[in-house]
Protein chains: 2
Amino acid sequence: MLSKKTKYGIKALTFIARQPERNPVQTSEIAKSENISQKFLESILLILRKSGFLGSKKGKGGGYYLIKEPKDIKMTAIIRVLEGPIAMVPCVSLNYYEKCDDCPDEKTCSVHKLMIQVRDSTLNVLGDNTLADLT
Amino acid sequence: MLSKKTKYGIKALTFIARQPERNPVQTSEIAKSENISQKFLESILLILRKSGFLGSKKGKGGGYYLIKEPKDIKMTAIIRVLEGPIAMVPCVSLNYYEKCDDCPDEKTCSVHKLMIQVRDSTLNVLGDNTLADLT
DNA sequence: TAATAACCTACTAAATCGATAGGTTAATAG
DNA sequence: CTATTAACCTATCGATTTAGTAGGTTATTA
């Protein structure tokens, strides 16, 4: 299941990407429009800023804005930052690999074999889609 | 993330499917071989029996056995029973659909659009794979 | 200097996860 | 008939995660 954090993050980024001008968008505006708790959204946008997706400006007229072009922001990148690993088990994760404490041998593990396929197909979809595709 | 429940369940089913004879396999044997807490595994095999994947026999020489051929057991079916929905958001789930309380319109929701693609690609992989493929 | 909006820290209620504990029931062996 | 075996059932539990809330501080603008 996708966490609300990730879901809200994607919605917020889409909202910002949809803006005709490149003017900063305020958290409050996104929160109201997308039915998200403003405080919760604040923490999410902060993460996205620290991860290099967004820039910010304080004070009146401030807000968040995209740093890169929507078409250059892959969904894999967004989801990895907000949700963590895309793989369903750590032992097939490319960016968050971890060995299973059960499972003596990954090569003979049935789950491993299956989850590599799931990972790859998911990766294909999320790698092909950019923020521009969601606009 | 895949829960241990599902992971263990798949491993156990694979273990049973690998048996040369169709003799019942005991929980204790699977637990030991696959490094799974026996009590936890008991509860998982019970679910799989109640869902129609396994038959059981009590007493000495008892255990669990497959009811259908491994090649006739799709991974989608197993995962739906143990893990629940395959979709990453309830609003794109085929078997566990639920409307999002935020999101007034699914048609214009960016997350919805994306997650349908993820769902379909995952469904393809899990639908193509049967227990026989994991053996 | 006041208002604004991002930024930061800490806390919390509820749910879920991965078990563990301690039994009961049904089938088999002797 | 009795003991053993292994599935079956019920309850509980500590740890972690989730989705927030509360209450402030800092930087920018009018």
Side-chain angles (χ1 to χ4, degrees), chain A residues 1-12 16 23-51 53-67 82-85 88-90 96 98 100-103, chain B residues 1-12 16 23-51 53-67 82-85 88-90 96 98 100-103:
Chain A
M1 278 290 142
L2 205 71
S3 66
K4 300 259 181 190
K5 189 165 109 183
T6 305
K7 189 184 174 192
Y8 293 165
I10 295 173
K11 281 191 165 192
I16 297 172
N23 294 332
V25 187
Q26 285 120 44
T27 309
S28 60
E29 191 188 341
I30 304 172
K32 192 178 287 181
S33 172
E34 300 290 334
N35 297 307
I36 304 171
S37 144
Q38 181 171 338
K39 278 289 187 179
F40 189 29
L41 182 59
E42 273 185 18
S43 68
I44 297 167
L45 294 178
L46 212 49
I47 294 169
L48 290 171
R49 197 218 62 194
K50 288 179 178 172
S51 314
F53 293 100
L54 295 174
S56 66
K57 211 184 149 191
K58 287 186 179 179
K60 184 154 194 177
Y64 290 98
Y65 52 91
L66 283 177
I67 283 183
L82 294 175
E83 190 76 5
M88 296 190 77
V89 278
Y96 298 82
E98 228 172 291
C100 299
D101 35 358
D102 57 308
C103 207
Chain B
M1 279 290 142
L2 205 69
S3 65
K4 301 258 181 190
K5 189 165 110 183
T6 306
K7 190 185 175 193
Y8 293 164
I10 295 173
K11 280 191 165 193
I16 297 172
N23 294 331
V25 188
Q26 284 120 44
T27 309
S28 59
E29 192 189 341
I30 304 172
K32 192 178 288 181
S33 174
E34 300 289 336
N35 299 306
I36 304 171
S37 145
Q38 181 171 339
K39 278 290 189 180
F40 190 29
L41 182 59
E42 273 185 17
S43 69
I44 297 167
L45 294 178
L46 212 50
I47 294 169
L48 290 170
R49 198 218 60 194
K50 289 179 178 170
S51 314
F53 293 101
L54 296 173
S56 66
K57 210 184 148 192
K58 287 187 180 180
K60 183 154 194 177
Y64 290 97
Y65 51 91
L66 284 177
I67 283 184
L82 294 175
E83 190 77 7
M88 297 190 76
V89 278
Y96 298 81
E98 228 171 290
C100 299
D101 35 357
D102 57 307
C103 206

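Chain letters run A, B, ... following the sequence lines, proteins first and then strands; every chain starts at 1. Just so we're clear, the structure is a prediction, and the values are computed from it rather than from any experiment.
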*Asks:* Can a donor-acceptor pair be found, under 3.5 Å and without considering hydrogens, that links the side chain of S33(A) to the backbone of E29(A)?
*Replies:*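 No; zero donor-acceptor contacts below 3.5 Å.
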
*Asks:* Reckon R49(B) has a side-chain N or O less than 4.0 Å from the OP1 or OP2 of dC8(D)?
*Replies:*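 Result: yes.
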
*Asks:* Assign T27(B) to base, sugar-phosphate, or nothing according to its heavy-atom contacts below 4.0 angstrom with the strands shown.
*Replies:*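 Answer is sugar-phosphate: T27(B) comes under 4.0 Å of backbone atoms only.
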
*Asks:* Mind calculating the distance between OH (Y65(A)) and P (dA5(C)) to the nearest angstrom?
*Replies:*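 Checked: the OH to P distance equals 16 Å.
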
*Asks:* Mind calculating the distance between CG (L54(A)) and P (dA6(C)) to the nearest angstrom?
*Replies:*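 After rounding, the reported distance stands at 11 Å.
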
*Asks:* Quick one: which of dG20(D), dG23(D), dG18(C) gets closest to the side chain of K39(A)?
*Replies:*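 Ranking dG20(D), dG23(D), dG18(C) by closest atom to the K39(A) side chain puts dG23(D) first.
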
*Asks:* Within the 4.0 Å heavy-atom criterion, would you say K50(B) contacts the bases, only the backbone, or no part of the nucleic acid?
*Replies:*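 If one applies the 4.0 Å heavy-atom cut-off, K50(B) turns out to touch the sugar-phosphate alone, with no base involved.
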
*Asks:* Which pair of non-hydrogen atoms, one from Y8(A) and one from D102(B), has the smallest distance, and what is that distance?
*Replies:*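 Looks like CE2-OD2, 4.0 Å.
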
*Asks:* Looking at NZ of K60(B) and NZ of K57(B), how far apart are the two atoms once the value is rounded to the nearest 0.5 Å?
*Replies:*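 One finds 12.5 Å between NZ of K60(B) and NZ of K57(B).
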
*Asks:* So which of residues 55-64 of chain A are in contact with DNA chain C, with a heavy-atom cut-off of under 4.0 Å?
*Replies:*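 Under 4.0 Å from DNA chain C: S56(A), K57(A), K58(A), G59(A), K60(A), G63(A), Y64(A).
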
*Asks:* Want to settle it: does E42(A) or K4(A) sit nearer the 5' end of DNA chain D, counting the closest nucleotide to each?
*Replies:*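 Nearest-nucleotide comparison on DNA chain D picks K4(A).
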
*Asks:* For dA19(C) and S43(B) - does any side-chain N or O of the residue sit under 4.0 Å from the phosphate oxygens OP1/OP2?
*Replies:*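 It does not, given that no N or O in the side chain of S43(B) lies less than 4.0 Å from OP1 or OP2 of dA19(C).
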
*Asks:* What is the distance from CD1 of I47(A) to P of dT18(D), rounded to the nearest Å?
*Replies:*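 Rounded to the whole Å, the gap is 11 Å.
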
*Asks:* Take the protein atom CG of L41(B) and the nucleotide atom P of dC8(D), then report the distance between them rounded to whole Å.
*Replies:*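 Between P of dC8(D) and CG of L41(B): 12 Å.
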
*Asks:* Given atom CG of N35(B) and atom P of dA19(C), what is their separation to the nearest angstrom?
*Replies:*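 My rounded result for the distance is 11 Å.
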
*Asks:* Any donor-acceptor pair under 3.5 Å linking the side chain of Q38(A) with the backbone of T27(A)?
*Replies:*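 Not at all, since once roles are kept as given, no pair shorter than 3.5 Å links the two residues.
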
*Asks:* To 10°, what angle do the rotation axes through the five end pairs on each side of the helix from dT1(C)-dA30(D) to dG30(C)-dC1(D) form?
*Replies:*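 The angle separating the two end axes equals 10°.
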
*Asks:* How long is the gap from CG on L46(A) to CG on L54(A), to the nearest 0.5 Å?
*Replies:*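 Between atom CG of L46(A) and atom CG of L54(A) there are 10.0 Å.
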
*Asks:* For a side-chain contact (heavy atoms from CB on, under 4.5 Å) check, start with the C-alpha distance between S43(A) and K5(A), then their side-chain angles and the critical distance, and finish with the verdict.
*Replies:* CA-CA 9 Å; S43(A) 68; K5(A) 189 165 109 183; over 6 Å; no

*Asks:* How many whole angstroms separate atom CD of Q38(A) from atom P of dC8(C)?
*Replies:*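 Value for this atom pair: 17 Å.
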
*Asks:* How far apart are the closest heavy atoms of P24(A) and G61(A), and which atoms are they?
*Replies:*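 Nearest pair, atom of P24(A) first, then G61(A): CG-O, 3.8 Å.
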
*Asks:* Report the distance from atom CD1 of I36(A) to atom C1' of dT21(D), rounded to the nearest whole Å.
*Replies:*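 Result: 16 Å.
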
*Asks:* Can you tell which of dG24(D), dA5(C), dA19(D) lies closest to the side chain of Q26(A)?
*Replies:*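 Nucleotide nearest to Q26(A)'s side chain: dA5(C).
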
*Asks:* Counting N and O atoms only, with roles assigned by atom type, does the side chain of S51(A) sit under 3.5 Å from a partner on the main chain of I47(A), one being a donor and the other an acceptor?
*Replies:*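 Checked: pair present.
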
*Asks:* Nearest heavy atom decides the nucleotide; on that basis, is L46(B) or L2(A) closer to the 5' end of DNA chain D?
*Replies:*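 Of the two residues, L46(B) wins.
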
*Asks:* Between dG20(D) and Y8(A), is there an OP1 or OP2 to side-chain N/O distance shorter than 4.0 Å?
*Replies:*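 Indeed, a polar side-chain atom of Y8(A) lies that close.
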
*Asks:* Walk me through whether L82(B) and L48(B) qualify under side-chain contact (heavy atoms from CB on, under 4.5 Å).
*Replies:* CA-CA 8 Å; L82(B) 294 175; L48(B) 290 170; 4.1 Å; yes

*Asks:* How would you list, by chain and number, every residue that makes a side-chain hydrogen bond (donor to acceptor under 3.5 Å, both in side chains) with E34(A), sequence neighbours excluded?
*Replies:*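 If we apply the side-chain hydrogen bond (donor to acceptor under 3.5 Å, both in side chains) test to E34(A), skipping adjacent residues, there are no hits.
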
*Asks:* Rounded to the nearest Å, what distance is computed from the CG atom of residue L45(A) to the P atom of nucleotide dC8(C)?
*Replies:*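 Rounded to whole Å, this separation is 13 Å.
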
